[in-house]
Amino acid sequence: MKHAILWATILLLGCAPALAREPKEYDSDVIYEESKIPHYDLPPLLVTAEGKPVTSAEQWRTVRRPQILSLFSNLVYGRVPEPESPIKVEFEVKKTDPKFMGGKATRKDVLIRFSNDKGKAEMLVLVFVPNGKAKPIPAFMKHSFNNTHGRDFDAHPVHRGRLRNGWPLGQFFERGYAFVAVHQQDLVGHNETSFLDSIHRLFYKKGQSFPKAREWGVLAAMAWGATRAMDYLETDSDIDQSRVAIMGHSKCGKATLWTAAQDERFAMAISAQSGCAGAALWRRRSGETLEKMVTRFPYWLCRNAWKFVGHEDDLPVDQHMLLACIAPRPVYVHSATQDTWADGRGEYVSAYHASEVYRLLGKKGLTSESLPPVGQAIIESDVGYHMRQGGHSVDQYDWDRFLDFADYHFKNKK
Ligand code: GCU
């Protein structure tokens, strides 16, 4: 019965995304207190599906990591099917502005076109390369809520060095980073429910008009887009392809982790308040849960994920395993005290458990299950973390720490 109600709600919200409710309306049954978190046992990271202990980097790389990625693909985010006919991909640098932000950087508007006999799609990727710095240069790629097509990326007319939306883009340039923006809605709608106009249709088999239960949802489509943007960067001689970090906030932070877990060309991942389906553990059921997520955003994950609503303990994975798939590449997790919907403690504990794999691979992970003091960032580690005072946003403090983390790994240790 409980399931019938859930599925009816999913269908209702799925058909009318405008009705999707705000988290506050769910507050009465949401767990926010540590004392109410149910007991849980995490699935083991270092034991294969066949029950064999994983004791070497080689076993991790060739056996356990592929098993985990396959579970995430088929049960959580959905896997990208093979298209029936090959997809033609074209890159076109549509515009180049060498005087962006008063000459601080060169902005390139790069159009990526996809086509096959099922249809066409395109994404507009913005690449900002600081002028006067040695090339090739390391870069941050951002899964972005800001639209690359509109005016979001215009430089602020008064405070040069910032975008209209307040981002300190000039700081990236000063500290020697290029910045690449990939808009989260280019290939798939924010709360896509039909999948008839999204990138998915280029992959449908004859007669198919909706993703199968194990096939990709919204977050997986975003991740696919970022990997295509990386394909472009591999052709751009301004960018050092061995030093590209992927980052994103909230929903975009979830997509960031799934991108980095799969695509090893990304040398670093930065997850800002990614929460549920991001860094936070499903089994804690704290803040947003699987049920809340699929009720409001039915297809961010694949349909198979619905089967675990209320049965999180049956999932053969939890999100510490997603972070572990990024190892040995550095990963940074950011939470904030008032962002309880994203379960900051769950994000930290997840990063702490993922550290077991970093250590196996000879890297430095988090060593304590207790959170560091608020406002005290862990930078000199392959698993970085900070909990900031405040709410659900990326603030100046956060940008500064992300850059510190990138400096530490991309520059100091070079
Ligand atoms: C909602 C959603 C979160 C998501 C957030 C965002 O609150 O429930 O999972 O992270 O939107 O993307 O800002």
Side-chain angles (χ1 to χ4, degrees), residues 6 9-10 13-14 17-32 72 76-78 142-147 152 165-167 181-193 217-223 225-226 246-259 269-302 305-306 308-309 312 318-319 322-323 333-348 350 387-388 390-395 398:
L6 170 72
T9 319
I10 286 170
L13 292 179
L19 295 181
R21 295 181 292 175
E22 287 309 310
K24 275 196 185 63
E25 297 179 41
Y26 290 96
D27 276 356
S28 60
D29 68 338
V30 174
I31 299 178
Y32 290 119
F72 274 111
V76 182
Y77 301 103
K142 187 171 192 284
H143 275 293
S144 170
F145 285 112
N146 295 103
N147 196 338
D152 290 359
N165 51 44
W167 290 8
V182 177
H183 182 222
Q184 59 124 358
Q185 291 206 71
D186 265 0
L187 300 179
V188 63
H190 172 66
N191 196 3
E192 182 68 56
T193 52
V218 170
L219 297 176
M222 288 169 64
I246 178 88
M247 67 109 19
H249 175 235
S250 205
K251 176 196 184 191
C252 293
K254 307 176 205 299
T256 288
L257 293 174
W258 184 225
T259 307
I270 295 176
S271 133
Q273 305 178 320
S274 57
C276 182
L281 294 173
W282 294 114
R283 280 166 173 74
R284 281 171 52 86
R285 298 171 176 84
S286 176
E288 185 174 18
T289 58
L290 182 54
E291 178 177 356
K292 304 297 178 204
M293 171 161 286
V294 303
T295 305
R296 297 171 66 234
F297 307 106
Y299 306 114
W300 278 11
L301 305 172
C302 70
W306 298 1
F308 295 93
V309 167
E312 284 86 343
D318 212 316
Q319 296 303 97
L322 181 70
L323 296 175
V333 174
H334 140 55
S335 321
T337 49
Q338 287 156 32
D339 187 23
T340 47
W341 186 240
D343 186 23
R345 175 154 176 83
E347 295 183 308
Y348 177 82
S350 174
M387 168 77 83
R388 163 180 56 70
H392 193 64
S393 55
V394 182
D395 296 356
D398 307 316

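This one's a predicted model, so the numbers in the text were calculated from it and none came from an experiment. Note that ligands are numbered from 1 as they come in the structure, with each ligand's atoms numbered from 1 the same way.
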Report summary line: For M293, the atoms of ligand 1 under 4.0 Å from one of its heavy atoms are 9 (O)
Query raised in the report: N/O of E288 under 3.5 Å from N/O of ligand 1, yes or no?
Result: yes
Query raised in the report: Between the side chain of S393 and the main-chain N/O of D395, is any donor-acceptor distance below 3.5 Å?
Result: no
Query raised in the report: Aromatic ring centroids of H249 and H334 under 6.0 Å?
Result: no
**Report entry** Contact check: S274 vs ligand 1, nitrogen or oxygen atoms, below 3.5 angstrom
**Finding:** no
Query - Taking every non-hydrogen atom, the tightest pair across P298 and N191 - result: CD-OD1, 3.7 Å
Requested in this report: Say whether H249, considering both its backbone and side-chain N or O atoms, lies within less than 3.5 Å of an N or O atom on ligand 1.
Outcome: no
Requested in this report: Work out which heavy atom in G248 is nearest to a heavy atom in T256; give both atom names and the distance.
Outcome: N-OG1, 3.0 Å
Report task. Verify the distance criterion only: is there a donor paired with an acceptor across the side chains of S335 and E347 at less than 3.5 Å? Result -> yes
Requested in this report: For ligand 1, find out whether one of its N or O atoms is nearer than 3.5 Å to an N or O atom of K254.
Outcome: yes
Query raised in the report: Atoms of ligand 1 less than 4.0 Å from R296 heavy atoms?
Result: 1 (C), 2 (C), 8 (O)
Query raised in the report: Looking at F297, which atoms of ligand 1 are within less than 4.0 Å of one of its heavy atoms?
Result: 1 (C), 2 (C), 8 (O)
Query - Non-hydrogen atom of H392 closer than 4.0 Å to ligand 1 - result: yes
Requested in this report: State which residues pass salt bridge (Lys or Arg N to Asp or Glu O under 4.0 Å) with D339; sequence neighbours excluded, sorted by chain then number.
Outcome: none
Requested in this report: Using a strict 4.0 Å cut-off to heavy atoms of K251, name the atoms of ligand 1 that fall inside it.
Outcome: 6 (C), 10 (O), 12 (O)
Query - For F145, the ligand 1 atoms whose distance to one of its heavy atoms is below 4.0 Å - result: 12 (O)
**Report entry** Residue list, ring-ring contact (aromatic ring centres under 6.0 Å, His included) with H183, at least two apart or on another chain
**Finding:** none
